[in-house]
Amino acid sequence: MPSQRVFALPRQQSLLLPAVINPFVQDTKLSKTTILKCVLQGIVLVPLRAILISLVLMVTWPVAVIITFKHPLKGAVAPMTGWRRLMCQSVMATLGRAYYFCMGFRVVVKGKQVSSSEAPILAVAPHSTFFDGIVCIVAGLPSTVSRMENLATPIFGRFVRCLQPVLVSRKDPDSRKNTIQEIDSRAKSGGRWPQVLIFPEGTCTNRSCLITFKQGAFIPGVPVQPVLLRYPNKLDTVTWTWQGFSSRTLLLLTLCQLYTTVEIEFLPPHVPTEDERRSPALLASRVRDIMAQALGVPVTDHTYEDCRLMISAGELTLPMEAGLVEFTKISRKLNLKWDNVRKELDGFAAMASSCKGGRITIKEFAGFLKLPVSPALEELFALFDRNGDGTIDFREYVIGVTILCRPANTEDVLRMAFRLFDTDEDQKITREEFTALLRSALGVSDINMVKLFKEIDADSSGFITFSEFQAFATTHPEYAKLFTTYLELQRYQAIQEARPGDLELSGQVSSGESREESTSDKKDD
């Protein structure tokens, strides 16, 4: 074999590791002094505020019952008018402000809210806590998107009904389509309906960045007024996300504070361009950029799917951060589905179970593949290791398996690899043929090859047929790449001899990389 090695593929910037910190963790640290202060203040403030909140709720519930009495939520629903709307905008809004005042909130409003005819959609971000409902009070009780189950909540269910929400049902398979249609209908009602208020991030973060905006609020293609939320307090007692304090702890800590400041800023409405009207993703991205610039925070392609992967990683005893792969970005570029990425997490966990921090070194990678560390394996590992730090995390593993391994699993390529092993051309590979080629070409020892041969030889016949070889390569893409490395090395050497110079790896891997490059220029990246 020639001593020259295949050059590692260049790392594409858009698929390097994200520079943004984990947006789904709340890491407030409570010192002993802070805890003592909360306890001393809470002895007085918590009982007092509990009494005041109860009194407000005792008034709020009957008022909400009167407003919603015999007013339908389903079917041909019309916007509230007359005395109902007046009571919502005056009495209920006042009671809502009193509710938050009793909890100790000091509200600072900046900017000017425009009318429903000027901007039918209010896009609120960042969404970081259950206290964010205060923006509905300040905005004059616009319509919201709410789960059907929320209507059954005592007291608060009646309050939600006053908002005439766009209802989402988990049990209805057409719920998503109906929700989008209802938002579109209300947004294009010419001001008949109140504004629709939406938290486009779709989940709570720690406000360190703005994650991907869901497109539902932007499908109508109408003007959108961005609304910013800030909690400029010395002690963060409000952030409620996937890792951190529970809702009860946060509520108790907030009630123990003398006051909690929340800033609500209405930015000028964004009127979509013609291109943005045609592309909800483009409009969502543009509005997010405007809001991020005003907040002074970065944007990231993390989404709710990353939360789900993060929780799954925790269930597999991996660090929860291992599941943060910026799902939207890699799914757009590599055409991945969530279920497939979730399955890959299981494979990664099998390798990383003995590792600390959820990162895999080349020795652990080799151990999982039951192979020694060889030049060919080092080459494969280098292609996975996209940031060149000597380890692989789950994000790099997903990208590597997708663009480096699976393109090699075509039948033609596998047949070529099979023929390389089948030296006597009898349509089957003996253990001697299998180990001889890998030992001489790829530096794999005979001892390790025994275990691998037995795994591929599914029927224990003592030889490998093409169907067994193909089945194993399809279900174990890491091996498929290793099997075809010899083909690529031969092709590379032939090119070098014909045209010397620094050439990149050609063949299947190059096609995988070009596939990555071809989708990298999308405007919604």
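Just the heavy atoms: all of them, side chains too, but no hydrogens, waters or symmetry mates, feed the values below. Treat the numbers as computed from the prediction; the structure is a model and nothing was measured.
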- Message: Check whether T34 reaches the backbone of L30 with its side chain - one donor and one acceptor, N or O, closer than 3.5 Å.
- Response: no

- Task: May I ask you to decide if R186's main-chain N or O and S189's side chain share a donor-acceptor pair within less than 3.5 Å?
- Result: yes

- Task: List the atom of E201, the atom of I211, and the distance in Å for their closest heavy-atom pair.
- Result: OE2-N, 3.2 Å

- Query: Are side-chain N/O atoms of E182 and S185 paired as donor and acceptor at under 3.5 Å?
  - Reply: no

- Message: Could you tell me if the side chain of L316 sits less than 4.5 Å from the side chain of L345, heavy atoms only?
- Response: yes

- Query: With a 3.5 Å cut-off and no angle check, do the side chains of S128 and T239 form a donor-acceptor pair?
  - Reply: no

- May I have the step-by-step check of side chain to side chain contact (heavy atoms under 4.5 Å, CB included) for E276 and V224, ending in yes or no? CA-CA 12 Å; E276 291 170 348; V224 176; over 6 Å; no

- Taking C-beta and beyond as the side chain, do I399 and E396 meet within less than 4.5 Å on heavy atoms? no

- Could you grab the distance from atom CD1 of I219 to atom CZ of R277, nearest 0.5 Å is fine? 16.0 Å

- Query: When you check the side-chain N and O atoms of S115 and S117, is any donor under 3.5 Å from an acceptor?
  - Reply: yes

- Distance, nearest 0.5 Å, that separates CZ of R230 from NZ of K110: 5.5 Å

- Item | Any donor-acceptor N/O pair, R106 side chain to Y259 backbone, under 3.5 Å | no

- Query: Does a side-chain heavy-atom distance below 4.5 Å link K29 with D27?
  - Reply: yes

- Of all the heavy-atom pairs spanning C256 and L45, show the shortest one and how long it is. O-CD1, 3.6 Å

- Take T261 and Y231 through the test side chain to side chain contact (heavy atoms under 4.5 Å, CB included) and record every step on the way to the result. CA-CA 6 Å; T261 301; Y231 292 88; over 6 Å; no

- Message: How close do M80 and C88 get, counting heavy atoms only, and between which atoms?
- Response: SD-SG, 3.9 Å

- State the CG-CD distance between N22 and Q243, to the nearest 0.5 angstrom. 6.0 Å

- Examine distances only and state if a side-chain atom of E364 and a backbone atom of T361 form a donor-acceptor pair shorter than 3.5 Å. yes

- Note on the structure: Scanning both residues in full, the closest heavy-atom pair of C204 with W240 reads CB-O, 3.0 Å

- Would you indicate whether the side-chain heavy atoms of I264 and L229 approach each other to under 4.5 Å? yes

- Message: Under the criterion side chain to side chain contact (heavy atoms under 4.5 Å, CB included), I'd like the reasoning laid out for T144 against V166: C-alpha separation, chi angles, the key distance, then a yes or no.
- Response: CA-CA 6 Å; T144 59; V166 178; over 6 Å; no

- Message: Go through it in stages, so that I can follow the logic: the residues are F365 and F384, the test is ring pair (Phe, Tyr, Trp, His ring centres under 6.0 Å), and I'd like the CA-CA distance, side-chain angles, deciding distance and then a yes or no.
- Response: CA-CA 11 Å; F365 187 65; F384 274 82; 5.5 Å; yes

- Task: Give a yes or no on whether W61 atom CH2 has more than 12 heavy-atom contacts from other residues, nucleotides or ligands under 6.0 Å away.
- Result: no

- Message: I'd like to know if the side chain of E344 reaches the main chain of N340, judged simply by a donor and an acceptor atom lying under 3.5 Å from each other, with no hydrogens or angles considered.
- Response: no

- Query: Do you know which two heavy atoms are closest between H270 and P226, and how far apart they sit?
  - Reply: N-CD, 4.4 Å

- Please answer whether the main-chain N or O of M291 pairs with a side-chain N or O of D289 as donor and acceptor at a distance below 3.5 Å. no

- Task: Decide, yes or no, whether a salt bridge links K343 with D346 under the criterion of side-chain N to carboxylate O below 4.0 Å.
- Result: no

- Query: Do I330 and R395 have side chains that get closer than 4.5 Å, going by heavy atoms?
  - Reply: yes

- Crowding at CZ, F130 (>12 non-hydrogen neighbours, <6.0 Å): yes

- From CE (M103) to CG (L251), nearest 0.5 Å: 7.0 Å

- Message: Could you check whether any side-chain N or O of N206 sits under 3.5 Å from a backbone N or O of Q26, counting only pairs where one atom can act as donor and the other as acceptor?
- Response: no

- Query: Under the 3.5 angstrom rule, does the side chain of E326 hit a backbone N or O of T300 as a donor-acceptor pair?
  - Reply: no

- Message: Does either side chain, that of T391 or that of R359, offer a donor lying less than 3.5 Å from an acceptor on the other one?
- Response: yes

- Checking D306 side chain against F327 main chain: does a donor-acceptor pair fall under 3.5 Å? yes

- Note on the structure: Shortest non-hydrogen pair, Q225 vs L267, comes out as NE2-O, 3.0 Å

- Item | Atom pair CE/CD1 of M87 and I67 - distance to nearest 0.5 Å | 4.5 Å

- Taking side chain as C-beta onward, heavy atoms only, is L122 less than 4.5 Å from Q113? yes

- With rounding to the nearest 0.5 Å, note down the distance linking OG1 in T60 to CG in L55. 10.5 Å

- L52/F101 under side chain to side chain contact (heavy atoms under 4.5 Å, CB included): CA gap, chis, key distance, verdict: CA-CA 10 Å; L52 293 175; F101 177 79; over 6 Å; no

- What pairs with T241 under side-chain hydrogen bond (donor to acceptor under 3.5 Å, both in side chains), at least two apart in sequence or on another chain? none

- Item | Within-4.5 Å side-chain heavy-atom neighbours: F105 and Y99 | no

- Any donor-acceptor N/O pair, T328 side chain to T303 backbone, under 3.5 Å: no

- Query: Between V107 and Y100, is any pair of side-chain heavy atoms under 4.5 Å apart?
  - Reply: no

- Tell me, yes or no, whether the heavy-atom count around Q41 atom CD, taken from other residues, nucleotides or ligands under 6.0 Å, exceeds 12. yes

